[in-house]
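These notes are about the structure you will find just below.
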Amino acid sequence: MVHWTAEEKQLISGLWGRLSVEECGAEALARLLIVYPWTQRFFGDFGNLSSPTAIIGNPKVRAHGRKVLTSFGEAIKNLDNLKGTYSQLSELHCDKLHVDPENFRLLGDILVIVLATHFTKDFTPACQATWQKLVGVVAHALARKYH
Amino acid sequence: MLTAEDKKLIQQIWGKLGGAEEEIGAETLWRMFHSYPPTKTYFPHFDLSPGSDQIRGHGKKVVAALGTAIKNLDNLSQALSELSNLHAYNLRVDPFLAQCLQVVLATRLGKEYSPEVHSAVDKFMSAVASVLAEKYR
């Protein structure tokens with residue numbers, strides 16, 4: 001089981017309380033599709049993904065980004081049981097969506113960069129270290145049920 | 001492959017750093033040591049405490065090398081040839097330095113670190129990593 005110090009929990013919830021799940025989620029997913037274009041293969045029915053502008057403005061991207069980050073919020077409420085929290089989503093991503101777990105790591109890193117652009121100086125090294133740990137643990141939990 | 005637009009964005013962004021190379025380098029390394037503790041294993045001879053002169057000095061070197069790479073985007077292989085030898089035999093190229101550099105740039109540039117810039121820098125750092133790993137085997 002992952003251990004979280006009081007400081008880490010504070011750095012996570014402190015930042016989480018200050019961000020817009022809708023904005024950050026949309027941005028993180030858009031950046032994933034822009035920076036790592038092969039990830040677009042999972043979103044064939046999303047419509048126009050032909051350029052960064054199209055991707056950023058795409059309503060399905062925004063909606064799905066929000067969904068993904070909302071799920072992250074669940075993780076944050078259940079830091080002591082991430083495996084349980086993500087058990088079904090892990091099965092879904094393996095059995096139905098066929099997503100290579102490497103992509104979870106990429107999205108996690110992108111989320112960290114999005115947080116850096118939003119919080120700038122406030123996104124201190126300690127903050128980054130905590131969030132890198134969080135996205136890593138979430139990625140691991142999502143990959144856990146793969147077979 | 002870096003497009004002409006990628007190259008332009010990279011050079012523009014680098015131009016905005018205006019003399020802060022040493023700080024950016026030091027901060028990048030500091031963040032890397034904190035977010036990815038195993039990277040410290042490559043620097044057992046360093047003083048890794050906050051404000052360490054060695055981290056500052058080394059950070060400056062790393063960013064200077066990236067600056068050289070940016071001036072030679074059309075010929076990265078040659079420009080980084082010496083560094084490739086060093087990394088092949090003594091170090092290990094992981095995406096951690098690139099991630100931390102991106103975070104430092106993002107904290108300094110905020111919204112200006114747009115998806116297009118992010119993409120260009122990511123491609124650039126991948127190209128650098130690729131060149132540095134060339135001599136591995």
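Every chain is numbered from 1 and lettered A, B, ... according to where its sequence line falls, protein lines coming before strand lines.
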What are the two closest heavy atoms between A:D109 and B:Q99, and how far apart are they?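 For A:D109 and B:Q99, the tightest heavy-atom pair comes out as O-NE2, 3.1 Å.
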
If contact means a heavy atom pair closer than 4.5 Å, which residues of residues 117-133 of chain A contact chain B? A:T117, A:H118, A:T120, A:K121, A:F123, A:T124, A:P125, A:Q128, A:A129, A:Q132

Using only non-hydrogen atoms and a strict under-4.5 angstrom cutoff, which residues of residues 50-80 of chain A touch chain B?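 A:P52, A:I56 fall under the 4.5 Å cut-off.
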
Answer yes or no: does atom CD of A:E7 have more than 12 heavy-atom neighbours from other residues, nucleotides or ligands under 6.0 Å? no

Within a reach of under 6.0 Å around NZ of B:K60, are more than 12 heavy atoms found that belong to other residues, nucleotides or ligands?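 Atom NZ in B:K60 is not packed in, count stays at 12 or less.
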
With the side chain counted from C-beta on, respond yes when A:I110 and B:H118 share a heavy-atom pair under 4.5 Å apart, and no when they do not. yes

What part of B:F33 gets within 4.5 angstrom of chain A, counting heavy atoms only: side chain, backbone, both, or neither? neither

Going from CD1 on A:I113 to CG on B:D122, what distance comes out if it is rounded to the nearest 0.5 angstrom?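 Here the rounded value is 7.0 Å.
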
Do A:V138 and A:L11 belong to the same hydrophobic cluster, where Ile, Leu, Val, Met, Phe, Trp and Tyr are linked whenever their side-chain heavy atoms lie under 4.5 Å apart, directly or via other members? no

Transitive ILVMFWY side-chain link B:I10 to A:I34, under 4.5 Å: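 In one cluster: yes.
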
